[in-house]
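Proteins get letters first, then strands, A, B, ... in listed order; numbering begins at 1 in each. Owing to the predicted nature of the structure, the values given are computational and were not obtained by experimental measurement.
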Protein chains: 2
Amino acid sequence: MDRFLSNTINKVDKKGRVSIPASFRPILGKTSHLYILSSVDQPTVDAGGVELIERKEQQLERMDPFSEDYELYSFVLHGDSTELKIDGEGRVILSDSIREQTGITDRAAFVGRGHFFQIWEPEKFRAYREEARKKVAEMRRAKSGGTTSEVSGGAIGGVATRRGEQNT
Amino acid sequence: MDRFLSNTINKVDKKGRVSIPASFRPILGKTSHLYILSSVDQPTVDAGGVELIERKEQQLERMDPFSEDYELYSFVLHGDSTELKIDGEGRVILSDSIREQTGITDRAAFVGRGHFFQIWEPEKFRAYREEARKKVAEMRRAKSGGTTSEVSGGAIGGVATRRGEQNT
DNA sequence: GTTATTCTTATGGGATAACATGGGTAAATT
DNA sequence: AATTTACCCATGTTATCCCATAAGAATAAC
């Protein structure tokens, strides 16, 4: 497996630590660091290995280094990102900036997105997921006057609600 | 880790000293000096090891030596640079020129920019960051009507606001 | 097929090290 | 001499390391 899939909700302990889902760990590679970029339009952050940053740096390199766009993009990419150290048990401690961005307090939802994953406040994730499902259903309805039952049936998996529960 | 990432706000003590974030220190190499260049278009200064100056000189070489840009760039590059000594605890004392340029009084924001970092007056940083995030979001929206956070991603979490708070 | 055994994981807590910060004092500067 | 700067040491806080444990999951044994 080489992609981040499924979602899990883990607890944030009183020291601010959360376990990265065990299934995500090997995909991050041997690095003991987790890189974080916060989303501009949703209350979530993107997380992954260095490649997450490197991928964006490559996009930067294709831009004119003297342009305003380059300046802004580079500022946001490097100045607004975060590097979390992963401890021996596969945990990270969430920084204040991440908590601000996501609203996370005592539980965090880890959501696989392919070559990266996101970290959400569980309730916000649930709401966003619900909304996304609705929109997808509407789209389909609009396209093919058919019923929605098939669509709403199982387009997107359920949200894990307790320790260790996952959608695999 | 070999790039300057994330941002931190540190306190300037009554002697004028500030700690360089510990995560930035190793990237500077073994040099006990911090090189400073004041920014032309923002109230901030660029900081880094010797490579910072060297890199800028290389950029200069690529410019048309008869252009006005070259003249100005060369002027600020060589005229406005400073060298700060780093003490045993990883602190530097901010010069008057840096304080003038940035408006820093009692707190300083250290902002990673990849191969160098910037030092801002925290409030000014917060404002610029907000603006940058907004513009990047617009950039993204303009390029692709898409809504995935991977596309819109890139911006990041909140600004540290008190001593020691960081995005690590 | 069912039960026992071993492994994984998530989670907690204590001990320790790292870090930002403060202050004292001697060495330089002016 | 009066400041300012470099070097030391002190301290509270936070992060990091290490070990423990419960609950499941996977595997082996019966």
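Listed pair A/Arg107 / C/dA10 fails the phosphate criterion, with no side-chain N or O lying under 4.0 Å from OP1 or OP2.
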Can you list, pair by pair, the side-chain donor-acceptor contacts under 3.5 Å of residues 30-38 of chain B, counting residues two or more places apart and other chains?
{"residue": "B/Thr31", "atom": "OG1", "partner": "B/Leu28", "partner atom": "O", "Å": "3.1"}
{"residue": "B/His33", "atom": "ND1", "partner": "B/Glu83", "partner atom": "OE2", "Å": "3.4"}
{"residue": "B/Ser38", "atom": "OG", "partner": "B/Asp80", "partner atom": "OD2", "Å": "3.2"}

Would you please test B/Phe4 and B/Phe116 for ring pair (Phe, Tyr, Trp, His ring centres under 6.0 Å) and show each step? CA-CA 6 Å; B/Phe4 297 101; B/Phe116 67 98; 8.0 Å; no
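Using a 4.0 Å heavy-atom cutoff across all strands shown, B/Ile86 reaches no nucleic acid atom at all.
At a cut-off of 3.5 Å, with distance as the only test, a side-chain donor of A/Tyr73 or B/Arg140 sits close to an acceptor on the other residue.
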Sub-3.5 Å pairs of nitrogen or oxygen atoms, protein against nucleotides 13-17 of chain C:
{"residue": "C/dG13", "atom": "OP2", "partner": "A/Lys14", "partner atom": "NZ", "Å": "2.9"}
{"residue": "C/dG13", "atom": "N7", "partner": "A/Arg17", "partner atom": "NH2", "Å": "3.0"}
{"residue": "C/dG13", "atom": "O6", "partner": "A/Arg17", "partner atom": "NH1", "Å": "2.8"}
{"residue": "C/dG14", "atom": "N7", "partner": "A/Lys15", "partner atom": "NZ", "Å": "3.4"}
{"residue": "C/dG14", "atom": "O6", "partner": "A/Lys15", "partner atom": "NZ", "Å": "2.2"}

Got a list of protein N/O to nucleotides 28-30 of chain C N/O distances below 3.5 Å?
none

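A/Arg107 and A/Pro122 make their closest contact through O-CD, 3.1 Å (heavy atoms, listed as atom of the first residue, atom of the second, distance). Shortest non-hydrogen contact noted between B/Thr82 and B/Ser97 is OG1-OG, 4.3 Å.
In the helix from C/dG1-D/dC30 to C/dT30-D/dA1, the terminal helix axes, each the rotation mapping four pairs' C1' atoms onto the next four within five end pairs, subtend 30°, rounded to 10°.
Across the protein-nucleic acid pair, A/Ile93 atom CD1 and C/dT11 atom P stand 16 Å apart, rounded to whole Å. As rounded to whole Å, 19 Å separates atom P of C/dA26 from atom CG of B/Asp87. Rounded to whole Å, atom C1' of D/dA22 lies 15 Å from atom CG of A/Asn10. One interatomic measurement links the two molecules: NZ of B/Lys85 to C1' of D/dT4, which rounds to 13 Å at whole-angstrom precision. The distance between atom CG of B/Asp96 and atom C1' of D/dT3, rounded to the nearest whole Å, is 14 Å. Look at CD1 on B/Ile9: it is 16 Å from P on D/dT14, rounded to the nearest Å. The CD1-C1' distance, from A/Ile20 to C/dT11, rounds to 15 Å in whole Å.
When distances are taken from the side chain of A/Pro21 to each of C/dA10, C/dC19, C/dT21, the shortest belongs to C/dA10.
Side-chain contact between A/Leu60 and A/His78 is present, with at least one heavy-atom pair separated by less than 4.5 Å. For the pair B/Ile86/B/Leu84, no side-chain contact is recorded, criterion being any heavy-atom separation below 4.5 Å from C-beta on. Using a 4.5 Å heavy-atom threshold, the side chains of A/Glu121 and A/Arg99 count as separate.
Pairs passing the salt bridge (Lys or Arg N to Asp or Glu O under 4.0 Å) check and including a residue from residues 45-61 of chain B, sequence neighbours excluded, read B/Asp46-B/Lys56.
With salt bridges taken as basic N to acidic carboxylate O contacts below 4.0 Å, none links B/Glu138 and B/Lys134.
Partners of A/Glu123 under the salt bridge (Lys or Arg N to Asp or Glu O under 4.0 Å) rule, at least two apart in sequence or in another chain, are A/Arg126.
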